[in-house]
Amino acid sequence: MGAYAARRLLSVVFVLWAMTVLVFAIVHLLPGSVAHMILGEYATNQAIADLEARLGLNDPLHVQYWRWFSGLLAGDFGMSLTMDRPAGPVIWEALGRSAVLAGVSIVLVAILGIAAGIHSAVHKGSLTDQGLTLGQYFFIAVPEFFWCILVILFFAVWLGWLPATGYTPLAEGGVLGWAKHLILPVSTLVLGLIAHVSRLVRSSMLEAIESRYVLAARAKGLPERIVLRRHALPNALLPAITVLAVDVGILIGGIVVVESVFAYPGLGRMLVYAIDNQDLPLMMGGMIVITAVYALANLAADLLYAVLNPRIRVSGSAA
Amino acid sequence: MSATVAVPRRRLPRTLTTGLVIVGAIALLAAIGPWITPYDPDAFAVRSRLQPPSATHWFGTDEFGRDVFSRVLAGAHHSLLMGFGATAISLAVGVPLGLLAAFHRGWVEEVVMRGVDLMISLPPVLLGLLILAVSEPGLLKTIVAVGLVYVPIMTRVARAVALDLLAEDFVEAARARGEGAWYILAREILPNAWPPLIVETALRVTFAILLGSALSFLGLGPQPPDSEWGLMIAESRPFISEAPWIGLAPGLCLCLLLIAVNVVGEGLRDLLDPRLRGRGH
């Protein structure tokens, strides 16, 4: 187990390092000068030369990379080009707010998705099962950005129950004001994912219910409740861990869109802002932080999976 | 009670045919769209701006008085191009890579598969954003970016399929005849690898359309005055309370297309590979 964990941790470190190379390479090696890209097509030569000198863009690439990379290691993301303040604090503040959104969402997805999946599998063919299956088709296919528009239209414009956009810090608006701004973004984020998780849990639960060990448990004369809870459920839930890790990736994509629509000042909106305004330090730092979050979520899922599934502990490989 | 024995039927499932008909209809409308639009999709008519849906303007008009129905029609081909174009790119790049990795075990496989592992460990949207962030946005760039995002998955599937097939007797026979790598991959492996690849491709199209239109929505796809559906929805946001039809029309069309494509993908999967049933993404 220790060796497996160490190897997975090493691969996370490698992924993060490779991402720094990839981000740096794409930003600096593409045709066109970086200063030109930032200042736009009407910039004077003098302005471009000044900016290149200020950002050290005339240094050899490996020197520039090392300056940026060693800064990252020390927790320094460089100066934001548009905000006149270090990029680091901007990124951390945004990450904190996104983490709230993502944390609430993933907990809801896990609880509701697993519950709906189990319910569907145990009551296979019932009206609720058919309704859930139909709903899944629908929720998986509807794009998040269109959901945002629909919920804003319904709950903010027509019913007027909730604010359409914005964010109130906990200290200013109290719990109620803070939560009001979270309801619409979170519900947009979780609908598709709940459908995804419940669908996989349903099929793995069905597989477990139809398995021989469940048949054996029933043959022993155990009550159905115990059979489901002790024998079917633990085996059915194992794949759910992997699915939830995949969903963190989808959630990150959703957060970029949802934060932009709801004007929620998190990491996703910051990233889109940085891209729109060609704020390179902010953009590069934001991408590295998002990759790190995703890699750590996957690491956590793999380790949890290994702890719960003895086969991986022994053979030491996770496919 | 009479016991009936289920007779296996070799007929296309009804959901699959329904999906195919809807996708086909949208593709047809997208193809002939530019010729049948009742109004010029880009023509301003300030006098008739923000009009609700009516007999003259089926889907209403937008903030510049442009006919929303004409714009939706004119924009239909974008989503299809994104879905099928991007998937074609990921097939064209991913499948050869996967086959090569399966055939040349050793360092070729090592390099390809470590690259794939790396790309898969990045969230898909981030990869797309990274590619689009540093260049002028446009339809073609969005298609290429979305296509590249899904290359690693195609490579993985192709390699796994090829590894299974390489152990088969007919490949052994071809090797014994002295056939080269190219012949074996192109003539022995590829024709037999299609069913699982078609399944993966069909499911991928939905996600390619979703990702492509989300990137357009964020402003990283076709630019105004283009009428790509994601872009139209993004542009409708300031008018959401006074003229919700501007965003609802392209949004509902996009949902219809996505549901139909998804139904086709899942129908094909059930038809070609029942073992994979219930596996998402």
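Just so it is clear: chains get the letters A, B, ... in the order the sequence lines come, proteins before strands, and each one is counted from 1.
- At a threshold of 4.5 Å between non-hydrogen side-chain atoms, the residues A:Val15 and B:Leu118 count as touching.
- No other option in B:Asn262, B:Ile259, B:Ile240 has as many heavy-atom pairs under 4.5 Å with chain A as B:Ile240.
- A heavy-atom distance below 4.5 Å is found between the side chains of A:Phe146 and B:Ile233.
- For A:Met283, the part lying under 4.5 angstrom from a heavy atom of chain B is the side chain only.
- To the nearest 0.5 angstrom, A:Ser260 atom OG is 7.5 Å from B:Arg237 atom CZ.
- Among A:Gly253, A:Gly249, A:Ser204, A:Pro143, the residue with the largest count of heavy-atom pairs under 4.5 Å with chain B is A:Pro143.
- Rounded to the nearest 0.5 angstrom, B:Leu211 CG and A:Ile250 CD1 are separated by 11.5 Å.
- Neither the backbone nor the side chain of B:Leu257 has a heavy atom closer than 4.5 Å to any heavy atom of chain A.
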Under the side-chain contact (heavy atoms from CB on, under 4.5 Å) criterion, do B:Leu126 and A:Leu271 qualify, and how do the steps go? CA-CA 10 Å; B:Leu126 199 62; A:Leu271 197 60; 3.7 Å; yes
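- Rounding to the nearest 0.5 Å gives a distance of 3.5 Å between OG of B:Ser213 and CZ of A:Phe145.
- Sparse packing is recorded around CD of A:Glu207, with 12 or fewer heavy atoms of other residues, nucleotides or ligands lying under 6.0 Å away.
- When B:Pro244, B:Gly247, B:Ala260, B:Ala214 are compared by the number of non-hydrogen pairs under 4.5 Å with chain A, B:Ala214 comes out ahead.
- Using a 4.5 Å cut-off between heavy atoms, B:Leu215 makes no contact with chain A at all.
- Using a 4.5 Å cut-off between heavy atoms, A:Ile149 contacts chain B through both its backbone and its side chain.
- Proximity to chain B (any heavy atom under 4.5 Å) is shown, for A:Leu251, by neither the backbone nor the side chain.
- With chain A as partner, the option from B:Leu210, B:Val125, B:Leu122 having the largest number of non-hydrogen pairs under 4.5 angstrom is B:Leu122.
- Once rounded to the nearest 0.5 Å, the distance linking CD1 of A:Ile290 with CG of B:Leu129 reads 8.0 Å.
- Rounding to the nearest 0.5 angstrom, the gap separating the OG atom in B:Ser241 from the CD1 atom in A:Ile152 is 11.0 Å.
- Side-chain contact between A:Met284 and B:Leu130 is absent, with no heavy-atom pair separated by less than 4.5 Å.
- Only the side chain of A:Gln278 comes within contact range of chain B, judged by heavy atoms closer than 4.5 Å.
- Here CG of A:Leu153 is found 5.5 Å from CG of B:Leu248. Values are rounded to the nearest 0.5 Å.
- If you tally non-hydrogen atom pairs under 4.5 Å between each of A:Val243, A:Asp276, A:Val261, A:Val272 and chain B, the highest count goes to A:Val261.
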